[in-house]
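Below: one structure, written as structure tokens.
Per chain, numbering begins at 1; letters A, B, ... match sequence-line order.
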Amino acid sequence: MGTRLAPVSETTKPGSTLPAPRTAKGQRNRLLVIDGHSMAFRAFYALPPENFSTDTGQHTNAVYGFTAMLINLIKDQKPTHVAVAFDLDTPTFRSEEYTEYKAGRSRTPEEFHGQVDLIIKVMEAMRIPTISLDGYEADDILATLATKAAAEDWDVQVVSGDRDAFQLVNDRVTVLYPKQGVTNIPQMDAQAIEEKYFVPPHQYSDLAALVGESADNLPGVPGVGPKTAAKWIKLYGGLEGILENLDSIGGKVGDALRAHADDVRRNRRLNRLLTDLDLPVDLDAMVSQHPDRSAVEDLFDSLQFNTLRKRLFDLFGEEEAEETGDEMTPPPHVVLTEAAPLTAWLKSTNQAPAAVHLATEATAGGTDVTGIAIVTSTAAAFVPFEGLDAEAEQVLAHWLADLDAPKVVHDFKEAYKLLAPRGLHLAGEVDDTAISGYLIQPDRRSYDLADLSQYHLRLSLGAAPGNASGQLALELGEKDVAGPAVMRAFAALQLSEHFAGQLVEKGANRLLGELELPLSEVLAEMELTGVAVSVERLDRLLDDFSKTISTAGAEAFRIIGKEINLGSPKQLQTVLFEELGLPKTKKIKTGYSTDADALTDLIVKTGHPFLEQLLAYRDATKLRQTVEGLRKSVAEDGRIHTTYAQTVAATGRLSSINPNLQNIPVRSDEGRRIREVFVVGKGTDGTRYETLMTADYSQIEMRIMAHLSGDEGLISAFREGEDLHRFVGSHIFGVAPEEVTSAMRSKVKAMSYGLVYGLSSFGLSKQLAISVDEARTLMRDYFERFGAVRDYLRGIVEQARKDGYTSTIEGRRRYLPDLSSDNRQLREMSERAALNAPIQGSAADIIKKAMLGVDGALKAKGLSSRMLLQVHDELVLEIAEGEKDVVEALVREQMAGAADLSVPLDVSVGTGLSWHEAAH
DNA sequence: ATCCTCACGTA
DNA sequence: CGTACGTGAGGATG
């Protein structure tokens with residue numbers, strides 16, 4: 001949405017209604033006005049477009065440079081008022097008088113397109129007015145504003161790359177004229193102009209009329225430069241005097257002047273900036289405001305301006321924190337260390353929802369809990385752990401574990417894990433604001449409490465406790481532990497109330513209460529448990545892979561006759577494409593790709609021996625890297641404790657970090673050896689574990705596709721337990737199932753899975769190394785046989801475009817606003833996401849439900865076996881002695897029963913002493 | 001120190 | 001010109 005304003009016919013308000021020229025602080029107002037197009041162009045040429053583009057191919061170098069410049073200017077100049085003026089593409093009075101005006105400029109480069117609109121959007125998000133006026137140039141707007149503001153005794157800074165602005169300079173007005181790029185913008189005051197052009201600012205336009213301005217395609221008098229022009233101006237008191245005394249100027253330049261006198265008069269008419277336009281915006285509307293946080297978040301997200309976002313928020317952050325409204329403060333808190341008052345306080349909450357936030361402190365070993373803040377809508381308390389008497393701890397422990405004491409926590413799983421080692425069990429969770437925030441907006445970058453509070457509540461929490469400023473306070477012995485923790489608990493409570501309505505509106509309440517919240521405790525337990533590894537095996541693998549690396553590396557160096565860093569794509573590009581002169585591969589941002597696909601291609605084409613060694617080297621380094629990471633992650637207890645991120649994947653999947661146990665190699669033999677290091681653990685409190693068990697869904701995504709599309713063919717294939725790809729292949733190729741060759745089967749398999757991702761015939765052709773024609777025929781035949789699949793896929797996108805979101809079988813939504821973007825790449829990306837989200841997301845729903853079921857069944861039966869890992873469609877369990885059969889039965893039952901689809905959910909189960917052995 | 005790009009592992 | 005992730009190295013930037 002643009003803010004370009006239509007020309008106005010009414011006169012603007014008289015100057016008397018302008019705001020007082022002085023701010024409350026008694027300082028003079030400072031207006032910063034910017035020539036938008038001119039600075040956008042400067043920024044464009046200062047930064048290489050190829051380094052600034054979004055994933056969708058929109059170039060952003062001008063937007064970036066402009067925004068960075070603006071942030072710097074605001075920081076340095078501290079204006080009280082800001083505005084940006086833009087030219088329109090319509091004719092101006094200048095081009096109407098002189099058709100050649102600004103002609104001869106080279107066409108705007110392709111990469112510049114769209115960037116001015118984006119700059120306007122940025123201005124909107126920053127709450128800076130943008131002004132343009134039909135028939136006039138931005139410079140005229142600047143001149144009018146500068147004149148008005150100066151008349152009110154304001155200071156004015158005009159930012160423009162156009163020298164015509166120099167005529168505006170006076171005691172109050174300076175011009176910031178970029179020398180080079182957009183970082184070096186010297187101030188041009190009267191003195192600077194006089195030094196450079198030998199005339200005072202008010203006569204600069206006289207001089208420019210004589211000399212000419214090539215940027216505007218205004219030719220001057222041949223042979224006359226600034227020095228001559230200045231001499232004449234001085235002599236005759238200005239251009240008027242010169243033109244009156246044309247005849248008395250001698251020499252060749254005198255003749256030239258007489259010959260071009262009309263040009264000079266025209267130049268002077270055109271370069272005079274108008275200072276009396278009727279502008280539709282008052283000066284007081286330009287008062288500097290804080291950016292619209294959420295708009296900036298969203299916009300900078302799509303522009304991928306991560307650094308700038310930080311710089312912008314840093315700039316406004318401090319002030320904003322000061323301005324946090326009084327209504328957004330927690331109730332005053334009491335500090336409770338004794339049992340009686342604690343009991344009384346907890347009782348007085350009357351079982352109203354209480355937000356719980358842990359005060360923590362970073363220690364060498366990790367994070368220590370120092371106390372707990374408990375905040376209800378009417379009261380707040382802080383319970384420090386130090387000095388807490390045993391009885392009080394009992395009271396606290398009881399309350400924390402009380403299912404009837406409803407609690408709001410931000411990141412419940414983390415709190416649960418922090419309390420567990422102290423023997424404290426956290427229960428009664430009614431909301432986790434990280435998760436509810438995620439369900440409402442599943443594609444946010446961060447669900448940090450401070451970010452969410454800022455975004456949803458406009459509440460600034462300030463820096464997280466435990467940073468540098470906290471440290472300083474600690475040294476001074478006055479660290480306030482309770483205050484920040486209470487504040488954060490309060491923020492979580494506010495957020496929870498804020499989210500309640502939205503959750504209902506978005507149909508996410510059940511998903512939260514019945515799936516995600518209970519799951520967070522299950523995940524917490526899995527993370528605490530961890531998975532046992534054999535350090536000996538890890539070390540052996542490290543050795544083996546290192547040997548392969550040295551051999552392959554040495555051989556690679558021998559072949560090319562020198563040593564380079566094989567891990568540097570840049571150096572590889574030089575060797576491959578320049579020195580060895582191999583054929584070019586697919587283009588990437590920084591040149592030509594050296595990825596495995598490209599290298600394999602090159603092997604086929606050239607058979608160069610270096611490539612093979614390089615691939616072997618790459619393989620081995622990747623594997624070693626994985627092993628090294630695992631090695632570093634082994635905890636004291638000999639187990640690896642991953643962390644599951646429950647609010648990261650926009651589709652509803654979990655992700656695994658520190659380390660990622662969801663991407664342990666499985667496809668190659670060498671890679672699979674890594675799965676041998678994950679072993680059954682020893683067990684502790686009397687329980688002995690005998691084996692690992694893996695249980696996975698077979699072809700869950702295709703089954704969901706069959707269910708959602710209702711395709712009779714697919715459904716009956718699954719119901720009859722046929723080999724899906726063979727079945728589909730026989731239909732597409734028109735042969736009996738047993739006549740489907742492995743080549744046919746793999747084509748069909750690729751296509752089936754491709755469909756789930758929104759694969760195009762082009763993509764299919766590339767993946768199968770067949771012609772686009774053949775791929776197209778293949779797809780056509782597929783859809784002919786399985787028409788409901790095509791209808792379903794089409795319907796998904798249509799529905800999502802209409803609703804703005806897709807839904808999974810459990811009602812989990814993914815919002816896809818870009819489905820109606822006019823940027824094709826953006827739109828098509830969203831279309832593919834729309835195809836995939838219901839399927840991937842439904843699979844995520846199903847396995848999450850299954851995990852709750854398995855966990856519940858294990859507990860109900862009093863078994864000691866436990867879940868360790870989840871890898872999207874697979875669960876890994878550690879089986880206690882004698883429990884194998886009963887666990888296998890319950891796992892099958894719970895996993896298969898996690899959803900009621902029109903096709904069965906097949907589960908395959910295996911056991912073994914290592915993850916590798918347990919695979920099947 | 002911090003950010004981005006490339007490459008590559010999984011489902 | 002196939003979705004969803006996380007990690008680490010190199011290299012450019014501050």
Side-chain angles (χ1 to χ4, degrees), chain A residues 48 50-53 55 57 304-311 442-443 564-573 586 588-599 614-615 618-619 621-630 632-633 642-645 648-668 670-672 674-675 696-701 750-768 772 775 806 814 824-825 828-841 843-844 847 869-874:
Chain A
E50 61 272 20
N51 290 356
F52 294 85
S53 56
D55 292 339
Q304 297 164 353
F305 284 178
N306 295 319
T307 331
L308 277 188
R309 170 183 14 239
K310 200 170 164 301
R311 270 160 68 187
D443 48 9
I564 62 163
N565 184 344
L566 293 173
S568 162
K570 203 180 162 201
Q571 295 180 34
L572 283 174
Q573 283 174 18
K586 73 168 182 256
I588 53 171
K589 268 189 187 173
T590 54
Y592 298 96
S593 173
T594 68
D595 68 17
D597 265 1
L599 296 181
L614 176 57
L615 279 175
R618 279 247 183 95
D619 260 3
T621 42
K622 179 73 183 176
L623 291 170
R624 184 177 65 178
Q625 181 192 295
T626 303
V627 174
E628 269 175 345
L630 292 175
K632 280 185 218 145
S633 305
T642 185
T643 300
Y644 289 101
V648 166
T651 51
R653 273 190 176 180
L654 299 176
S655 76
S656 158
I657 53 172
N658 301 323
N660 181 357
L661 295 186
Q662 290 178 326
N663 73 340
I664 303 303
V666 70
R667 288 172 194 171
S668 71
E670 286 295 277
R672 266 195 296 277
I674 300 181
R675 294 200 169 211
D696 58 62
Y697 285 115
S698 69
Q699 296 164 329
I700 187 167
E701 294 193 334
M751 188 157 44
S752 286
Y753 278 100
L755 290 179
V756 176
Y757 304 140
L759 186 70
S760 65
S761 50
F762 179 89
L764 185 66
S765 74
K766 252 188 69 172
Q767 200 198 312
L768 295 177
V772 179
T806 60
R814 177 165 185 188
R824 198 179 78 148
Q825 203 188 344
E828 290 180 345
M829 266 174 56
S830 293
E831 286 169 359
R832 292 191 295 269
L835 293 176
N836 180 249
I839 296 172
Q840 190 183 113
I847 196 163
L869 303 175
Q870 189 252 44
V871 192
H872 308 307
D873 66 358
E874 170 186 12

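Inter-residue side-chain proximity for D595(A) and K586(A) is flagged as met; some heavy-atom pair is nearer than 4.5 Å. Two residues are said to be in side-chain contact when any heavy atoms from C-beta on lie closer than 4.5 Å; T590(A) and K570(A) fail this criterion. Side-chain contact between Q870(A) and L654(A) is present, with heavy atoms from C-beta onward closer than 4.5 Å. The shortest side-chain heavy-atom distance between V648(A) and I657(A) does not fall under the 4.5 Å cut-off. Two residues are said to be in side-chain contact when any heavy atoms from C-beta on lie closer than 4.5 Å; L572(A) and R618(A) meet this criterion. Taking the side chain as every heavy atom from C-beta outward, V871(A) and L661(A) never approach each other to under 4.5 Å.
Residue contacts for A596(A): at a heavy-atom cut-off of 4.0 Å it reaches the sugar-phosphate backbone alone, with no base atom in range. Counting non-hydrogen atoms under 4.0 angstrom, T621(A) reaches nothing in the nucleic acid. Using a 4.0 Å heavy-atom criterion, one finds that T626(A) contacts no nucleic acid atom at all. Among the protein residues, L623(A) comes within range of no part of the nucleic acid, since none of its heavy atoms lies under 4.0 Å from any strand. Using a 4.0 Å heavy-atom criterion, one finds that A650(A) contacts the sugar-phosphate atoms exclusively. Residue contacts shown for I588(A) are limited to sugar-phosphate atoms, with no base heavy atom under 4.0 Å away. Within the nucleic acid shown, K622(A) comes within 4.0 Å of at least one base atom, counting heavy atoms only.
Following rounding to the nearest Å, L308(A) (CG) and dG14(C) (C1') show an atom-to-atom distance of 14 Å. Atoms CG (L615(A)) and P (dG9(B)) sit 10 Å apart, rounded to a whole Å. Per the geometry, CG belonging to L630(A) stands 15 Å off P belonging to dG9(B), to the nearest Å. Here dG6(C) presents its C1' atom at 10 Å from NE2 of H872(A), a figure rounded to the nearest Å. Distance Q304(A) CD to dC3(B) C1': 13 Å, rounded to the nearest Å. Whole-Å rounding puts the L869(A) CG to dT10(B) C1' distance at 13 Å. Summarising the geometry, the separation between CD on Q662(A) and P on dT7(C) is reported as 11 Å, rounded to the nearest angstrom. For the pair D619(A) CG and dG9(B) C1', the computed distance is 11 Å after rounding to whole Å.
Here H872(A) contributes atom NE2 and E701(A) contributes atom CD; the two are 10.0 Å apart, rounded to the nearest 0.5 Å. Going from atom OG1 of T594(A) over to atom CG of L615(A) covers 9.5 Å, rounded to the nearest 0.5 Å. Rounding to the nearest 0.5 Å gives a distance of 11.0 Å between OG of S830(A) and CG of L835(A).
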Polar atom pairs (N or O), protein with nucleotides 1-3 of chain C, under 3.5 Å:
unit_1	atom_1	unit_2	atom_2	d
dG2(C)	OP2	S760(A)	N	3.4
dG2(C)	OP2	S760(A)	OG	2.8
dG2(C)	O3'	R832(A)	NE	3.0
dG2(C)	O6	Q767(A)	OE1	2.9
dG2(C)	N1	Q767(A)	OE1	3.0
dT3(C)	OP1	R832(A)	NE	2.9
dT3(C)	OP1	R832(A)	NH2	3.3
dT3(C)	O2	Q840(A)	NE2	3.3

Hey, what are the protein-to-nucleotides 9-13 of chain C N/O distances that come in under 3.5 Å?
unit_1	atom_1	unit_2	atom_2	d
dG10(C)	OP1	N565(A)	ND2	2.9
dG10(C)	O3'	S568(A)	OG	3.3
dG11(C)	OP1	S568(A)	OG	2.6
dG11(C)	OP1	Q571(A)	NE2	3.1
dA12(C)	OP1	K570(A)	NZ	2.7

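You'll find that the side chain of R618(A) is closest to dC8(B), out of dG9(B), dC8(B), dT7(C).
OP1 or OP2 of dT10(B) has at least one side-chain nitrogen or oxygen of R667(A) nearer than 4.0 Å. Contact between the side-chain N/O atoms of S655(A) and the OP1/OP2 oxygens of dG6(C) is found at a separation under 4.0 Å.
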Give the dot-bracket string for DNA chain B, reading 5' to 3', where a pair is Watson-Crick or G-U wobble with both distances under 3.5 Å, ( ) marks pairs inside the strand, [ ] marks pairs crossing earlier ones, | marks a partner on another strand, and . marks unpaired.
-> |||||||||||

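The base of dG9(B) lies close enough to the side chain of N663(A) for a donor and an acceptor atom to sit less than 3.5 Å apart.
Within the structure, every pair that satisfies the side chain to side chain donor-acceptor pair (under 3.5 Å) test and touches residues 831-840 of chain A, not counting sequence neighbours, is listed here: T651(A)-Q840(A), R801(A)-E831(A), N836(A)-Q840(A).
R675(A) places a side-chain N or O within donor-acceptor distance of the main-chain N or O of P665(A), the cut-off being under 3.5 Å.
For P442(A), the side chain to side chain contact (heavy atoms under 4.5 Å, CB included) test picks out Y438(A), Y815(A), with sequence neighbours left out.
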Give the table of side-chain donor-acceptor pairs shorter than 3.5 Å for residues 750-757 of chain A, with sequence neighbours excluded, one pair per line with atom names and distance.
unit_1	atom_1	unit_2	atom_2	d
S752(A)	OG	V748(A)	O	3.2
S752(A)	OG	Y782(A)	OH	2.9

